[in-house]
Number of protein chains: 2
Amino acid sequence: MSHKPEPPAMPTRAVTKEDVARAAGVSHITVSRVINSPEKVSPATRERVEAFIASMGYIPNLLAGGLASRRTRIVAAIVPTISHSIFAETLRGLSEQLCMQGYQLLLGQTNYSEEAETGLVEVFIGRRVDGLVLTGVQHSPMTRQRLKAAGIPVVETWDLTDTPIDMLAGFDNHAAGRAMGDYLYQKGYRRMAFVGGDDPRGMARVAGLRESLRHHGAAEPVHLVMPMGAFLQAGREAIGRLLTQHPEVDAAFFSNDVIAAGAALECARRGIAVPGRIALAGFANLEIATEVLPALTTVQISAHQIGLTAAEMLLTRFDGDPLDQAVHDLGYSILERDST
Amino acid sequence: MSHKPEPPAMPTRAVTKEDVARAAGVSHITVSRVINSPEKVSPATRERVEAFIASMGYIPNLLAGGLASRRTRIVAAIVPTISHSIFAETLRGLSEQLCMQGYQLLLGQTNYSEEAETGLVEVFIGRRVDGLVLTGVQHSPMTRQRLKAAGIPVVETWDLTDTPIDMLAGFDNHAAGRAMGDYLYQKGYRRMAFVGGDDPRGMARVAGLRESLRHHGAAEPVHLVMPMGAFLQAGREAIGRLLTQHPEVDAAFFSNDVIAAGAALECARRGIAVPGRIALAGFANLEIATEVLPALTTVQISAHQIGLTAAEMLLTRFDGDPLDQAVHDLGYSILERDST
DNA sequence: CTGTTAGCGCGTTCAG
DNA sequence: CTGAACGCGCTAACAG
């Protein structure tokens, strides 16, 4: 069609260690050492080589390096979704800590599908990531088997289990749900509802809530399963349904603070008294919980700490150091605010 | 110290193509073909080989494959931060589209540091990613040079420029700021403020706002630079300062909807009339903008579309197909709601 | 349809 | 302190 001289002309070949070595009059291994263990090279040649590296714009091929050394300096993290703030803090903790040590983060999203997780795990093993961070403790048998076979360090997060694949950094969702039940009951609420998705951790929290209510002899909680697309909106819709379809409910416990905040905003809009007409409680202690009116009672957990802990465990493992603990129960606590 | 028989005993070696080939009585290249181009293998042997692959739990080493084929099927994305929802939508768009085609996303965070970006770009080039997505259009000379030298497909996002490195999917921040200025002026506001960070895109928006106000002969806008750690809180603090230190301001334009929402919530808390006492406008049309009271006037942009478009351009480039457009101006529009 | 021959660019032995 | 050989596991040509 057109007759431009030539599109940018993909450079035929990238600069390689050999090229630098030839230019500097040394062997490629010396160049390698200048990069990976400079102290093993005489200052004179080191400086010369460094100058050539800079002037030639040499960038080491980490792919080849990884293949040869069997270390990629990549950690993969698999989360249900990145578009909601719930896991963002964990990812940030992970990323920060790993980045400082020269590791990169490879990201996978499952959209809460176990199948998707299984596929991602296969790909990540194939990529020879140095470590893997999983969300939750429920995984397909295939996933567990592959991970064990690959022998790669794994951290499961955001929950606890007696049978971790390898390492664990989380908290007890069931106990947290129960604690919230106990707290709400003790505050005098008797007809409760749980609003959230049907993912394993949400289910654990309802189960805990239910156990608590049974124990106190209170009525079974209403369980509203919401689509987890738009959180604030889900909260708004949920409170609407609760108010009309279950007018007896006097306290609602939400799967996370964003949904709870959506409910709080809707109550404000409708002029419904919180906690007078209905009490609201969230989960995770996100920023929004303190900013809505009334401020939300919530379950405080350490989302950021989960990421940090996971990263630290992986890093000590990478260094070949022994782990003092492979399982970290990061705990939770009820944070009482004005919404209950 | 202890005398455990042996820690989990890192499997000596992973299963390789050779192993499968030997077991199946074919050559390793046949195994390769069964995986990469099954149609070139007779159904009989294919099934045999597939059975062995499954039973032996063989997982191809993508590192070696990438080295040999010079395609890694990895795309890297560099964002200022992942812990705020602003870029999350873009990442989701990218990730969804890429994932469907078998690509993975490698993530980098700069915390708004150009230096950090430069370093990340080097590492990602070293990892031989197939493509790179950058946030913004302002990059260090080193970054630009390396990217051109590497000849790898690059998409810059979230802004426009006359001198893109390669491809571009964004919108005009300066014009968007000006449009908001025009809109607010036309609504009768005369003393405006801009609240945001000092990143290039934020600065472009204030510049646009300033240009609009000058053009209309209105007063220079107050510019409040906020730390970008906690968005809602930043909004709350900003509105506080505005109200006391700049009581003449009658309209505030925020760098994004989350900050604006923080301001709106604080106004609600203090009983300050919006827009009666002060008008509030946000940016990006995030979910929260429609959920606070009053709903926020904002600048609608297509964060998700940016990700999709970037992914599509990269993918067609990977397929060697020609691009109809290397620059996509995704536009913006003023979305009038109740806060102005 | 199948196999053979070459690297991809580097790190890891081991010698000097 | 420096270098030579070898192989990491795979794909890309070509050949049969």
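These values consider heavy atoms only, across backbone and side chains, with no hydrogens, waters or symmetry-generated copies. Proteins get letters first, then strands, A, B, ... in listed order; numbering begins at 1 in each.
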At the 4.0 Å heavy-atom cut-off to chain A, mark where contacts on DNA chain D begin and end, going 5' to 3'.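 Answer, 5' to 3': D:dC1 to D:dG9.
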Residues forming a ring pair (Phe, Tyr, Trp, His ring centres under 6.0 Å) with B:F52, sequence neighbours excluded: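 Partners of B:F52 under the ring pair (Phe, Tyr, Trp, His ring centres under 6.0 Å) test: none.
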By salt bridge (charged side-chain N to carboxylate O under 4.0 Å, His left out), A:R48 pairs with (sequence neighbours left out) none
With no hydrogens and no angle check, do the side chains of B:E117 and B:H139 hold a donor and an acceptor under 3.5 Å apart?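 Yes, B:H139 and B:E117 have a side-chain donor paired with an acceptor closer than 3.5 Å.
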Quick check on side chain to side chain contact (heavy atoms under 4.5 Å, CB included): which of B:I165, B:D166, B:T110 does B:L134 satisfy it with?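 One option only clears the test, and that one is B:I165.
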Net bend of the helix from C:dC1-D:dG16 to C:dG16-D:dC1, end axes of five pairs each, nearest 10 degrees: 30°
Hey, could you give me each pair passing side-chain hydrogen bond (donor to acceptor under 3.5 Å, both in side chains) that has a residue in residues 119-130 of chain B? Not counting sequence neighbours. A:Q104-B:R127, B:T72-B:D130, B:E122-B:R146
Nearest-angstrom distance from the residue atom CZ of A:R33 to C1' of C:dT13: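 Value for this atom pair: 11 Å.
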Starting from P on C:dG11, measure out to CZ on A:R71 and report it in whole angstrom.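 Atom CZ in A:R71 sits about 12 Å away from atom P in C:dG11.
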Under the side chain to side chain contact (heavy atoms under 4.5 Å, CB included) rule, what do B:Q109 and B:I82 come out as? Steps first, then yes or no, please. CA-CA 7 Å; B:Q109 276 188 102; B:I82 47 175; 3.5 Å; yes
Could you run down the sub-3.5 Å N/O contacts of the protein with nucleotides 6-9 of chain C?
from  : atom 1 : to    : atom 2 : distance (Å)
C:dC8 : O3'    : B:R70 : NH2    : 3.2
C:dC8 : O2     : B:A68 : N      : 3.4
C:dG9 : OP1    : B:R70 : NH2    : 3.1
C:dG9 : N2     : A:A64 : O      : 3.4

Heavy-atom nearest nucleotide on DNA chain D for B:I59 versus A:V41: which residue maps closer to 5'?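 With B:I59 and A:V41 compared, the 5'-side residue is A:V41.
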Does B:E115, at its CD atom, have more than 12 non-hydrogen atoms belonging to other residues, nucleotides or ligands within less than 6.0 Å?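 12 or below, so no.
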B:S27 side-chain N/O to C:dT4 phosphate OP1/OP2 under 4.0 Å: no
Applying salt bridge (Lys or Arg N to Asp or Glu O under 4.0 Å) to A:R46 and A:E50, what does each step give before you reach the verdict? CA-CA 6 Å; A:R46 185 199 313 167; A:E50 274 167 350; 5.1 Å; no
Specify whether B:Y103 and B:F318 have parallel, tilted or perpendicular ring planes, treating 30° as the upper limit for parallel and 60° as the lower limit for perpendicular. parallel
Minimum-distance pair of heavy atoms, taken over all atoms of B:I86 and B:A303: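 For B:I86 versus B:A303, the nearest heavy atoms are O-CB, 4.4 Å.
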